[in-house]
Visitor: 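Sharing a structure here in structure tokens format.
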Amino acid sequence: MSVPKRLLVIDNGSYECRVGWHDTKQPELRFRNVLTKPRKDRKKDNSQQIPDAAAIPTPTVDEIQVGNDISNIEAVRAHLKSPFERNVITNWNHQEQIFDYIFSKMGFDGDDSIKYPIVLTEALANPNMSRRQMSELLFECYNVPAVSYGIDALYSWRHHQQMHKQVADALIISFGYSTTHVIPVLGGRMQLEHVRRLNVGGFHINSYLFRLMQMKYPVHLNAISSRIDKLVHEHCHIALDYKEELLKWAQLDYYEAHVMKIQLPYNQVTATNALLTVEQKQEKRRELALRLLDIKNRREREKLQEDEEYLQVLRKLRQLYDQQNLQKFERALQQQQIGNLEELDKLIGTISARIKRIKERAVSGPSRPSKQQDKLDKMPKPPEGVPQAQWLAEMREKREELQRRKQARQQQRQEQAKRHTHAAQERMRIISTLARSEKRRKANAEEEDDGFGMNDNDWDVYKRINRYNDDSDSDAENERLLEYEKILHHYDAGFDDANNAALQALSAAENYQLHFGVEEIRVPEILFQPSMIGCTEAGLAELIAFVLKLFTAEEQQRLVSHVYLTGSCAQFRGLKQRLSKELLELRPFQSTFAIYESQDPTLAAWLGACLLASERNFAETSLTTRQQYQDRGSEYFREHRASNLYYPTPKD
Amino acid sequence: MDSPTPSQPKPKRSFKSPFAFPRNCVYRPLRQIHNTERNQKLPADQPTYFTLNAPPSLLPAKKYSDISGLPAPYVDPHSKLRYANAEEYSNMQHMPSDIINGYLTLRGYTSAVG
């Protein structure tokens, strides 16, 4: 085999995929490892909106959008598909789409096969089945000449070793998107049997924050989903002492001083509306009423004029008849579509009556007392001897009480409608006790009266178990509520349906604020306490302790003297400090350890793979060639320093 | 695969050979892979993807308020939510049941009844 000049390095991460040539400093292509299939109608919209497909590659040609081609990733968030389940590839259709995308973007369109060997990352302890299918896909479908599989964390470690050349032992902690690995390395070799994987990663952190915010602010769902990534990346950090920091947050002063308030954009119009004073509002209303009245008057006048003209015509007709000009009269009747003389007379009568009525109204109208005055007179007044303010306050209290009761009933009703809720169970319990006492009473032939019904309140039991309860007495309450509201509306200038108008203006902005406080430490803490999201696995600190215990004391010391953090999630602020605190706690007194962070946590794996690929004997030692694939089966791969170990599947 | 478009003279995806996975191999969930591997009678000491899972935690899970995340000494027996103080409790009383359930599932709580 001729030694290929260049290798294509693909860091196929479950969050992001990075693709580039091994002799370059940067991956040429980076994209979210997801794809989506836009709906037909939406696709049409897209292509119309963006006719110049310079920036966005033609979505019309491709049904499926991959990675950076997805024009609006937030909009299709729910429809994103990934080839991965955790960190293992399970959906090969999707993986094929992604390879198509990669190779097209890298400019292989037009070639009849991929002529470059590929360096590809895979999951640690990738199941044979998954690797076999990957080999089949690469060799059969894309005709690659050779491939080399490796583990991202080990590639990253290789990159780190540039700076620490003599170090051969390490404890690698790799923070991935769906998993977190603790990888012991002794003498340059990964101790595969002692590697442990925590199935919590960046994905869980993101979705935990998303769910928390969503339930805290159910109204602002859309605004939240677009901000989650930013919040996680820029504002979350890992607490040094989680409990202590939580207690700090519990203090109101601390909360007020440190909470981050995110102001969402909101409709300014509603705010200005709310800002208007009551007088201004009334003024506006009056203006509107005047204008309406004006329109009505004008219409009436026009109608009047029309009627008068018509009447004139009819009168002339009548005159014709009176003058015995019958021929002309008949013709004119036909023209006006009137049957005979009687009809004509009737018509004249009604129209003149109408004109009279309208004229009368126009004269008497202004002098009539307005309806508003009527209403004012009918409005209840505070009882004698009670100041108005007090009376209103009482009224307001009563109204709130009613509203509270209404709400409580509504909630109860809602809960009873669902099975398994406490309310539904309580209802069943009451029904069964009632039934039992009924039976007992019958059996004892009413000898023993338990006194049920003596007290009027006893009968409320039936109201409580009625599923469609209390519509009857809530009607009366509703009426009272309306009355209170009317009175309050009238007397209390500041009263508004929702609440005080001025208050509303202030809170309009506040209603569109997201408070981001405890979440900043609570969310990434799930790495250390997976129990917070219902995961029973050991947290990171416990897991490190567990892995270390698998080694002898001397080996443990070798491992912890070089703890290496890599992966995107390793960028959380405070992670290193927290880990050193945890290690201090679990290591023997006065022993030493050192924690190193990756220089470039997200790219280190790709760079490390490039480094390995540029080593002199890489092709001979690490590439699985097409020949080997054909000879030794699709499961086979070459082991190397950064690869998994090859365990062939036993044949039965 | 696709016919060449005028703007793009190069044929699209000419690098592919006709190839398709057998139908049952296109998508295999992890659980299925796990089952197959278990039936393969691998040597007991051979590490696989599934033996590398983190062990279950032996430390007692700390109790935090479902709503605020603060340390929670109380549980509402009615909704089973944990809460840290009276203010949270009164807020909880007005919560619709889907939000309550959301908090419970987020914590991974499953009731013995339902």
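Remember, it's a predicted structure, so these values are computed and weren't measured experimentally. Letters A, B, ... mirror the listed sequences (proteins, then strands); counts begin at 1.
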Visitor: What pairs of residues pass the ring pair (Phe, Tyr, Trp, His ring centres under 6.0 Å) test when at least one of them lies in residues 50-73 of chain B, not counting sequence neighbours?
Guide: A/Y242-B/Y64, B/H34-B/F50
Visitor: With ring-ring contact (aromatic ring centres under 6.0 Å, His included) as the criterion, how do B/F19 and A/Y142 come out once you've worked through the C-alpha distance, each side chain's angles and the decisive distance to 0.1 Å?
Guide: CA-CA 9 Å; B/F19 169 79; A/Y142 297 101; 8.8 Å; no
Visitor: Who wins among A/E193, A/R211, A/Q133 for the most heavy-atom pairs under 4.5 Å with chain B?
Guide: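 Of A/E193, A/R211, A/Q133, A/Q133 has the most heavy-atom pairs under 4.5 Å with chain B.
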Visitor: Are any of the side-chain heavy atoms of A/D112 and B/S14 separated by less than 4.5 Å?
Guide: no
Visitor: Quick check on A/I533 against chain B: is it the side chain, the backbone, both or neither that has a heavy atom closer than 4.5 Å?
Guide: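 A/I533 touches chain B through backbone and side-chain heavy atoms alike.
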Visitor: A/Y101: which residues meet the ring-ring contact (aromatic ring centres under 6.0 Å, His included) condition with it, sequence neighbours left out?
Guide: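 Result, ring-ring contact (aromatic ring centres under 6.0 Å, His included) vs A/Y101: A/F31.
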Visitor: Is A/N87 close to chain B through its backbone or its side chain, or both, or neither, when contacts mean heavy atoms under 4.5 Å?
Guide: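 A/N87 touches chain B through backbone and side-chain heavy atoms alike.
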Visitor: Is B/K41 in contact with chain A via its backbone, its side chain, both, or neither, using a 4.5 Å heavy-atom distance?
Guide: backbone
Visitor: Does A/Y646 have more than 12 heavy atoms from other residues, nucleotides or ligands lying within 6.0 Å of its OH?
Guide: yes
Visitor: Looking at chain B, which one of A/N128, A/D111, A/V88, A/T536 has the largest number of heavy-atom pairs inside 4.5 Å, strictly under?
Guide: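 So the answer, after comparing A/N128, A/D111, A/V88, A/T536, is A/D111.
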Visitor: Given that the side chain runs from C-beta out, which part of A/P530 has a heavy atom under 4.5 Å from chain B: side chain, backbone, both or neither?
Guide: neither
Visitor: Looking at A/E537, A/M215, A/K243, which one has more heavy-atom pairs under 4.5 Å with chain B than the rest?
Guide: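 The candidate making the most pairs under 4.5 Å is A/M215.
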Visitor: Under 4.5 Å heavy-atom distance to chain B, tell me which part of A/L124 shows up: side chain, backbone, both or neither.
Guide: both
Visitor: Checking A/N91 against chain B: side chain, backbone, both or neither under 4.5 Å from a heavy atom?
Guide: both
Visitor: Under 3.5 Å, is there a donor-acceptor pair between the A/R404 and A/Q407 side chains?
Guide: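 Side chains of A/R404 and A/Q407: no pair found under 3.5 Å.
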